[in-house]
Amino acid sequence: MRIEEDSDRSTFAAEGAAAQSSMMAKRTIELKEIRGMSDELINETVVDLKGELFLMRCKKVTRQDYRVSDYKNMKKKIARMLTVKREREIERGIKPRESRKLKAKWKRSIVYRPPPSLAAILDAQKTEEDKA
């Protein structure tokens, strides 16, 4: 019986390692996609994702259904995009102090708009009202 327990543990460990390696593969693919984006596209995507995060926080407060894992994954995706953006700044020779100034300037220049998911919901409501 003891031998069977050890073999079960090893199979669980092997399954965990396989799942972890597939997650790493997904992250590397995602990083390749992010690195292929332009700086402007990264900035727009970050703004959209932050809008989505705001909507998820609103859903949480109003006790609507939302998936906690989506919230966590979105935050990680934003962090990855900002990391790639900072890597590019380092390649250009931009020092941390200059980077903070650029970030503040970028934040002041942001034109806030509804995130894509909210825009789709609003469009659907308008079409329903037009039909009625």
Side-chain angles (χ1 to χ4, degrees):
M1 183 168 179
R2 179 85 174 161
I3 296 171
E4 292 175 9
E5 289 177 7
D6 290 338
S7 65
D8 290 342
R9 287 183 190 155
S10 64
T11 56
F12 287 134
E15 289 173 2
Q20 189 175 12
S21 66
S22 69
M23 290 297 293
M24 293 293 286
K26 288 180 184 177
R27 276 189 226 129
T28 55
I29 291 170
E30 185 178 355
L31 278 173
K32 285 180 183 178
E33 291 174 1
I34 293 172
R35 286 193 172 111
M37 296 176 160
S38 66
D39 287 341
E40 293 80 24
L41 185 59
I42 288 176
N43 289 338
E44 289 177 13
T45 309
V46 167
V47 170
D48 288 340
L49 288 174
K50 285 189 175 188
E52 296 288 340
L53 280 177
F54 177 74
L55 286 178
M56 291 184 91
R57 281 191 300 256
C58 290
K59 285 183 178 182
K60 179 181 177 183
V61 171
T62 58
R63 297 182 185 262
Q64 295 176 6
D65 289 335
Y66 75 102
R67 290 176 44 190
V68 178
S69 61
D70 288 345
Y71 186 79
K72 181 178 76 168
N73 292 336
M74 215 174 288
K75 285 176 65 173
K76 286 184 178 184
K77 190 169 186 174
I78 290 170
R80 286 185 191 115
M81 288 186 171
L82 293 176
T83 301
V84 169
K85 185 177 170 184
R86 178 64 186 136
E87 287 173 353
R88 290 178 183 172
E89 289 176 352
I90 290 171
E91 288 174 0
R92 292 185 204 130
I94 297 175
K95 306 226 179 214
R97 186 173 183 157
E98 295 171 44
S99 177
R100 284 192 300 271
K101 288 181 180 179
L102 290 172
K103 185 177 177 182
K105 184 178 178 183
W106 172 68
K107 283 187 173 184
R108 285 190 298 264
S109 70
I110 293 175
V111 177
Y112 292 100
R113 60 187 182 278
S117 65
L118 181 64
I121 292 169
L122 293 175
D123 288 341
Q125 287 177 353
K126 284 182 184 178
T127 55
E128 288 177 10
E129 289 176 2
D130 291 341
K131 290 180 181 177

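Residue numbers start at 1 and run along the sequence shown.
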TODO: Given side-chain contact (heavy atoms from CB on, under 4.5 Å), test Phe54 with Leu118 step by step and report yes or no.
DONE: CA-CA 11 Å; Phe54 177 74; Leu118 181 64; over 6 Å; no

TODO: Apply side-chain contact (heavy atoms from CB on, under 4.5 Å) to the pair Val84 and Met37, showing each step before the final yes or no.
DONE: CA-CA 10 Å; Val84 169; Met37 296 176 160; over 6 Å; no

Open item on the list: With side-chain contact (heavy atoms from CB on, under 4.5 Å) as the criterion, how do Glu30 and Lys77 come out once you've worked through the C-alpha distance, each side chain's angles and the decisive distance to 0.1 Å?
Closed with: CA-CA 9 Å; Glu30 185 178 355; Lys77 190 169 186 174; 3.3 Å; yes

Donor-acceptor contacts under 3.5 Å from residues 38-45 side chains, at least two apart:
unit_1	atom_1	unit_2	atom_2	d
Ser38	OG	Leu41	N	3.3
Asp39	OD1	Arg88	NH1	2.8
Asp39	OD2	Arg92	NH2	2.3
Asn43	OD1	Lys85	NZ	2.9
Asn43	ND2	Asp39	O	3.4
Thr45	OG1	Leu41	O	2.7

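Remark: Glu52 CD to Met74 CE distance equals 5.5 Å, nearest 0.5 Å. Expressed to the nearest 0.5 Å, how far CD of Glu89 lies from CZ of Arg86 amounts to 5.5 Å. Here Leu82 contributes atom CG and Arg80 contributes atom CZ; the two are 12.0 Å apart, rounded to the nearest 0.5 Å.
Residues Asp70 and Met56 come closest through the heavy atom pair CB-CE, 3.5 Å. Here the closest heavy-atom approach between residue Lys59 and residue Asp65 is recorded as CD-O, 3.8 Å. What you find for Asp48 and Pro115 is that their closest heavy atoms are O-CB, 4.0 Å.
Tracing side-chain contacts under 4.5 Å through hydrophobic residues (I, L, V, M, F, W, Y), one never reaches Ile90 starting from Trp106; they form parts of separate clusters. Val61 and Ile121 end up in different hydrophobic clusters when Ile, Leu, Val, Met, Phe, Trp and Tyr side chains are linked at under 4.5 Å. Residues Leu102 and Val47 do not share a hydrophobic cluster, clusters being chains of Ile/Leu/Val/Met/Phe/Trp/Tyr side chains in contact below 4.5 Å. Neither Leu55 nor Tyr66 shares a network with the other; the hydrophobic side chains, linked directly or stepwise wherever heavy atoms of I, L, V, M, F, W or Y lie under 4.5 Å apart, form separate groups for each.
For the side-chain hydrogen bond (donor to acceptor under 3.5 Å, both in side chains) condition, no pair includes a residue of residues 119-132, sequence neighbours left out.
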